[in-house]
Protein chains: 2
Amino acid sequence: MSELNRSSPSDLKVACSGCNLRELCLPFALSEADVERLDNIVSLRKNVARGQALFRHDAPFLGLYAVRTGFFKTSVPTGDGRDQVTGFQMAGEVLGLDGLGQERHACDAIALEDSQVCVIPYERMEDLSREFAGLQKQFLKIMSREIVRENSVMLLLGSMKADERVAAFLLNLTKRLQARGFSSSSVLLRMKREEIGSYLGLKLETISRAFSKLQEDGLIVVDQREIEIRDTAGLQRLVNSANC
Amino acid sequence: MSELNRSSPSDLKVACSGCNLRELCLPFALSEADVERLDNIVSLRKNVARGQALFRHDAPFLGLYAVRTGFFKTSVPTGDGRDQVTGFQMAGEVLGLDGLGQERHACDAIALEDSQVCVIPYERMEDLSREFAGLQKQFLKIMSREIVRENSVMLLLGSMKADERVAAFLLNLTKRLQARGFSSSSVLLRMKREEIGSYLGLKLETISRAFSKLQEDGLIVVDQREIEIRDTAGLQRLVNSANC
DNA sequence: CGAGGTGTTGAGATTTGTCAACCTACGTGG
DNA sequence: CCACGTAGGTTGACAAATCTCAACACCTCG
């Protein structure tokens with residue numbers, strides 16, 4: 001009945017050991033042997049259509065998910081029915097870490113395009129320690145990185161101006177896309193202005209104006225959701241100059 | 001030579017099993033047997049004087065710390081030498097989770113009063129999986145909770161007005177103090193207005209004005225760093241009404 | 001008693017939000 | 001294939017919130 005059920009849980013056999021995201025995803029820096037152990041834990045894939053939820057807040061925690069293809073946003077409810085976007089996730093990134101603590105999800109995860117995730121079922125995570133110490137530590141590392149990421153978002157939200165936030169947002173996106181082999185000078189945004197605004201703590205009109213401003217200054221070229229980066233160093237200077 | 005060295009690493013023998021913070025700290029919800037295993041991992045205490053750093057960003061990650069007595073702040077550098085405060089930690093709370101991922105700390109941890117922490121040395125964490133599956137999962141849970149906490153700070157920074165942020169801050173503090181057996185109607189702030197402002201993404205003058213405003217409205221009474229909560233429900237309404 | 005750190009308050013500047021109009025792209029149905 | 005409706009995006013004018021700068025008050029500590 002839930003939106004979750006409407007997605008198709010295709011029971012494809014997964015193999016981290018043969019995945020082209022190895023270097024970016026769960027297996028990063030793991031030994032060959034450890035990756036094979038991981039294969040036993042990550043056992044199936046799941047498709048999520050654009051607009052659908054992978055999970056919703058308050059839903060029981062069933063496991064972690066690694067994005068295989070596609071693009072997600074996570075958001076927390078504001079109490080009055082609206083949401084604040086807390087992150088955007090692309091291939092190789094992990095969703096659901098918020099749910100481990102209370103065995104219940106703290107945010108919604110919505111696909112911004114047709115996507116596919118690899119599933120790490122909660123009950124299999126019990127096997128982690130039995131499987132190998134290296135694997136268990138891997139999860140601690142992944143969570144630690146998420147904490148560091150959130151620290152940097154707090155920095156952004158707490159101390160940057162609108163233009164600086166947008167510049168930092170674009171640089172972060174292109175850096176992650178570049179690590180995945182995409183162009184670092186051109187981004188196709190998968191989210192709307194309103195979602196960027198929610199993530200950056202700004203209104204959609206302010207995002208729009210910031211894009212226009214950065215374009216006027218020759219740092220980027222905006223064509224709808226297609227952003228061309230003209231001056232990466234200039235954007236970086238803008239971010240660095242924050243709070244001076 | 002570092003400030004770290006100037007703190008006195010008193011080699012007291014620690015026993016989680018006999019600690020009065022059991023229910024709030026690392027051992028929460030662990031079995032008697034697991035807590036005894038934890039005793040083998042948490043092996044010493046360390047004093048940190050007011051104003052000193054427990055660790056600094058970029059320093060090698062040596063282990064996790066559980067606050068035993070005292071009060072800390074964590075902050076990340078903004079790039080221009082200044083810092084943004086990312087959290088305040090009191091007895092039973094864990095410091096250093098940010099360092100696991102890169103084996104290097106991402107933030108500074110500074111004592112706001114003379115404090116004592118229990119040390120979980122990094123090399124001992126290797127023993128976690130050998131010791132017991134329950135223990136390893138405990139750390140994942142603690143990290144997950146930190147992620148959820150940071151989510152809620154992002155929500156605060158991204159979508160609340162000054163008064164609402166301050167109200168949320170006070171409610172959060174009193175809730176945590178109450179869980180530790182302190183009065184929920186009176187708080188002695190351990191940090192200055194500037195640090196609250198940094199944490200909440202506001203300037204110190206705005207914090208001062210927000211306190212005055214909440215006092216005018218009869219919700220609190222302010223006397224320097226001593227805050228008396230007069231109307232918890234009123235503060236809660238203010239927080240809930242955010243974004244309406 | 002004086003100095004320095006911290007906190008409060010006011011006035012004006014700056015930034016962002018709000019509201020409204022308009023534009024563009026896209027999908028649907030005639 | 002075109003007309004139309006709708007969602008998303010841009011821009012302007014004004015309002016509201018916060019920041020900035022400055023003056024001053026208070027407290028602590030030597």
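Sequence lines set the chain letters: A, B, ... in the order given, protein chains first and strands last, and positions in each chain run from 1. Nothing here was measured: the structure is a model prediction, and the numbers come from that model.
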Original post:
What's the NZ-P distance between A/K213 and C/dT14, to the nearest Å?
Top reply: 14 Å
**OP:** Whole angstrom is fine here: how far is it from CZ in B/F211 over to C1' in C/dT8?
**Re:** 13 Å
**OP:** Calculate the interatomic distance between A/E226 atom CD and D/dG8 atom C1'; express it in whole Å.
**Re:** 17 Å
Subject >> Short side-chain N/O contact from A/S208 to OP1 or OP2 of D/dT11, under 4.0 Å >> reply: no
Subject >> A/E150: partners by side chain to side chain donor-acceptor pair (under 3.5 Å), with sequence neighbours left out >> reply: none
Subject >> Nearest-Å distance for atom pair CD/P, residues A/E195 and D/dA7 >> reply: 15 Å
Original post:
With no hydrogens and no angle check, is any side-chain donor or acceptor of A/R180 less than 3.5 Å from a backbone partner on A/R176?
Top reply: yes
Original post:
Using the C1' atoms of the five pairs at each end, what is the angle between the end axes of the helix from C/dC1-D/dG30 to C/dG30-D/dC1, to 10°?
Top reply: 30°
Subject >> B/Q215 side chain vs B/V222 backbone, donor-acceptor pair below 3.5 Å >> reply: yes
Original post:
Do A/F88 and A/M191 come within less than 4.5 Å of each other through their side chains, counting heavy atoms only?
Top reply: yes
Original post:
What's the CD-C1' distance between A/Q215 and D/dG9, to the nearest Å?
Top reply: 13 Å
**OP:** Please name the pair of heavy atoms, one in A/D108 and one in A/H57, separated by the smallest distance, quoted to 0.1 Å.
**Re:** OD1-N, 2.7 Å
**OP:** Check whether any side-chain heavy atom of A/F169 sits under 4.5 Å from a side-chain heavy atom of A/L200, and report yes or no.
**Re:** yes
Pairwise N/O distances under 3.5 Å, protein to nucleotides 27-30 of chain D:
none

Original post:
To the nearest 0.5 Å, how far apart are CG in A/D223 and CD in A/E228?
Top reply: 9.5 Å
Original post:
What nucleotide, of D/dT11, D/dG8, C/dT8, holds the atom closest to the side chain of A/K192?
Top reply: D/dG8
Which atom pairs link the protein and nucleotides 16-21 of chain D when you take only N or O atoms and keep those under 3.5 Å?
from   : atom 1 : to     : atom 2 : distance (Å)
D/dT18 : OP1    : B/A162 : N      : 2.7
D/dC19 : OP2    : B/K203 : N      : 3.3
D/dC19 : OP2    : B/T206 : OG1    : 2.4
D/dT20 : O4     : B/R209 : NH2    : 2.9
D/dC21 : N4     : B/E205 : OE2    : 3.2

Subject >> Interatomic distance, A/L188 CG vs C/dA25 P [rounded to whole Å] >> reply: 15 Å
Original post:
For A/F28, does the CZ atom sit with more than 12 other heavy atoms under 6.0 Å from it, leaving out its own atoms?
Top reply: yes
Original post:
By salt bridge (Lys or Arg N to Asp or Glu O under 4.0 Å), which residues pair with A/R225, not counting sequence neighbours?
Top reply: none
**OP:** Sort out for me which residue in B/K213, B/R209, B/R237 forms a salt bridge (charged side-chain N to carboxylate O under 4.0 Å, His left out) with B/D163.
**Re:** B/K213
Subject >> Separation of atom CD in B/E194 from atom P in C/dG5, rounded to whole Å >> reply: 12 Å
Subject >> Qualifying salt bridge (charged side-chain N to carboxylate O under 4.0 Å, His left out) pairs, either residue in residues 165-175 of chain A, two or more places apart >> reply: none
**OP:** May I have the distance from A/I207 (atom CD1) to D/dG8 (atom P), rounded to whole angstrom?
**Re:** 16 Å
